[in-house]
Amino acid sequence: MELNITCIPGDGIGPEIVAEAKKVLDAVAAKYGHTMNYTDILMGGASIDVHGVPLTEEAIATAKSADAVLMGSIGGDTTTSPWYKLAPNLRPEAGLLALRKALNLFANLRPALLYEELADACPLKKEISAAGFDMMIMRELTGGLYFGERKTVEENGVLKATDTLTYDENEIRRIAIKGFDIAMKRKKKVTSVDKANVLDSSRLWRKVVEEVAKDYPEVSLEHMLVDNCAMQLVKDPAQFDVILTENMFGDILSDEASMVTGSIGMLASASLNDTKFGLYEPSHGSAPDIAGKDIANPIATVLSASMMLRYSFDLDKEADAIDNAVKQVLKEGYRTGDIMSEGCTQVGCKQMGDLLAQRV
Ligand code: NAD
């Protein structure tokens, strides 16, 4: 198969971790007989330095013409970098927002998986973490409270602010379909999270999710109120497979779920539209404090590349090969500095990439 991938190395550790993800993808290509065509584009600070803007129209066109986009990370030190003296629409992050909009990415996927070997980093009690967990948070990304009408007015000398939470049934249906599709590739369970005891938007959410569920008889569906879900994530995370939820609830729950894994350098993410296209990137930022030192953990980016193979190209076997290579390397005791523990062998970013590529 020929895979056309736009790569965005970006800023900080971005170029280092993307180089290692490419190394691992190349190993997959060699083993399974695929061809990877990479085209790099500039985004964030790297684009500002060359073009004066965080993303050019040409770069957007290149990304649109690819099958998928693999990104490192963008941005610099927000207190010292000259990029943050620019107007907000010219700063590095504006490039990412513009790209998400141009590509119509409405579904955000964030896995939270506890690796047995890294269980010590999990802040939960041992009796809870012992059961392990492997969940996927599917968050709606372009609707709800963050995109509704908002205003601040003064009435009789008192300031009053209003935000509105609106979803139409089509917005709910398309993300629900994505959630059930992803569940079909996993343990076939969807937990739809809402606040249907209070909010109309949640009652519509629940109704549409139930309609979509009828097309997926193999997937079991449960509904959970968001406040209960926040508790269950720390009480019994093993119960979850796919958590399907709206924008603000997903924003909060996905951060909570990543915290319980305890390892930021291990967390991948994906943003999808209604085709097979996706933007894949680690959950962490550009870590300017460790850039250029060959000490960054490339695993979150490598796992993002695995998600790309699974969700944009339906190459499940190849994605499994990457996921298993990560497990194997951890089992053999290799660690980058951020996940280092006693008795393990510390390696740099490049060496971690080599080890992973060899084990594919
Ligand atoms: P960060 O995630 O970059 O770093 C937080 C801490 O985690 C730092 O100590 C860093 O060294 C460490 N860290 C992060 N990734 C690591 C890795 N792969 N291996 C080892 N250690 C790692 O968050 P921050 O410092 O708040 O942000 C830095 C910059 O990144 C800012 O400009 C921010 O806007 C940007 N950012 C970009 C994205 C993105 O591109 N999607 C996301 C978040 C933050």
Side-chain angles (χ1 to χ4, degrees), residues 100-101 104-112 133 135-153 155 160-258 260 269-275 311:
R100 283 187 178 146
K101 192 164 175 215
N104 193 26
L105 303 171
F106 65 84
N108 183 245
L109 269 184
R110 269 169 67 172
F133 55 83
M135 69 185 101
M136 183 72 87
I137 313 255
M138 165 70 82
R139 164 189 171 193
E140 203 288 328
L141 208 53
T142 57
L145 203 55
Y146 299 169
F147 291 88
E149 270 178 46
R150 66 188 83 251
K151 63 177 179 192
T152 304
V153 294
E155 279 175 10
K160 189 163 98 176
T162 308
D163 297 286
T164 49
L165 200 178
T166 304
Y167 271 107
D168 72 37
E169 58 179 306
N170 296 329
E171 288 174 297
I172 302 170
R173 189 166 291 110
R174 65 180 185 175
I175 183 93
I177 290 170
K178 282 276 171 203
F180 281 87
D181 282 346
I182 300 290
M184 285 297 288
K185 282 183 177 262
R186 295 175 47 96
K187 290 173 276 172
K188 300 191 171 63
K189 178 180 176 190
V190 169
T191 304
S192 175
V193 174
D194 60 38
K195 188 72 183 168
N197 53 341
V198 181
L199 302 175
D200 261 17
S201 55
S202 281
R203 284 189 274 271
L204 180 62
W205 181 277
R206 210 173 260 221
K207 177 175 177 288
V208 175
V209 169
E210 278 177 3
E211 284 167 16
V212 171
K214 289 187 186 132
D215 294 331
Y216 297 84
E218 286 174 62
V219 179
S220 72
L221 168 67
E222 66 173 6
H223 300 284
M224 192 177 279
L225 296 175
V226 62
D227 38 352
N228 185 25
C229 184
M231 289 194 290
Q232 294 299 326
L233 276 174
V234 290
K235 191 169 160 243
D236 179 18
Q239 69 183 287
F240 295 112
D241 180 20
V242 174
I243 292 180
L244 170 66
T245 193
E246 62 91 54
N247 201 344
M248 183 181 63
F249 297 160
D251 188 7
I252 299 165
L253 295 177
S254 59
D255 269 13
E256 185 187 356
S258 29
V260 295
S269 86
S271 304
L272 311 174
N273 67 16
D274 51 8
T275 69
Y311 298 120

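This chain uses plain numbering: 1 for the first residue, then up along the sequence.
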Would you give the length of the straight line joining atom [atom1] of [X] to atom [atom2] of [Y], rounded to the nearest 0.5 angstrom?
X      : Y      : atom1 : atom2 : result
His223 : Asn228 : NE2   : CG    : 14.0 Å
Glu246 : Asp251 : CD    : CG    : 9.5 Å
Met231 : Leu225 : CE    : CG    : 9.5 Å

Decide, yes or no, whether a salt bridge links Lys207 with Glu211 under the criterion of side-chain N to carboxylate O below 4.0 Å.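 Yes.
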Under 4.0 Å between a side-chain nitrogen and a carboxylate oxygen: does that hold for Arg203 and Asp194?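 Here Arg203 does not pair with Asp194 in a salt bridge, since their nearest N and O are not under 4.0 Å apart.
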Any Tyr216 side-chain heavy atom under 4.5 Å of Ile177 side chain: yes
Measure the shortest side-chain to side-chain distance between Glu171 and Phe147 over non-hydrogen atoms and say whether it is less than 4.5 angstrom. no
Closer than 3.5 angstrom, by distance alone: can the side chain of [X] be matched with the main-chain N or O of [Y] as a donor-acceptor pair?
X      : Y      : answer
Thr245 : Val193 : yes
Ser201 : Tyr167 : no
Arg139 : Asn247 : yes
Asp241 : Lys187 : yes
Lys178 : Asn273 : yes

For Thr142 and Glu140, test the side chains for any donor-to-acceptor distance below 3.5 angstrom and give the result as yes or no. yes
So for atom NZ, which belongs to Lys185, do other residues, nucleotides or ligands contribute more than 12 heavy atoms lying within a distance under 6.0 Å?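 Enclosed: over 12 neighbouring heavy atoms sit under 6.0 Å from NZ of Lys185.
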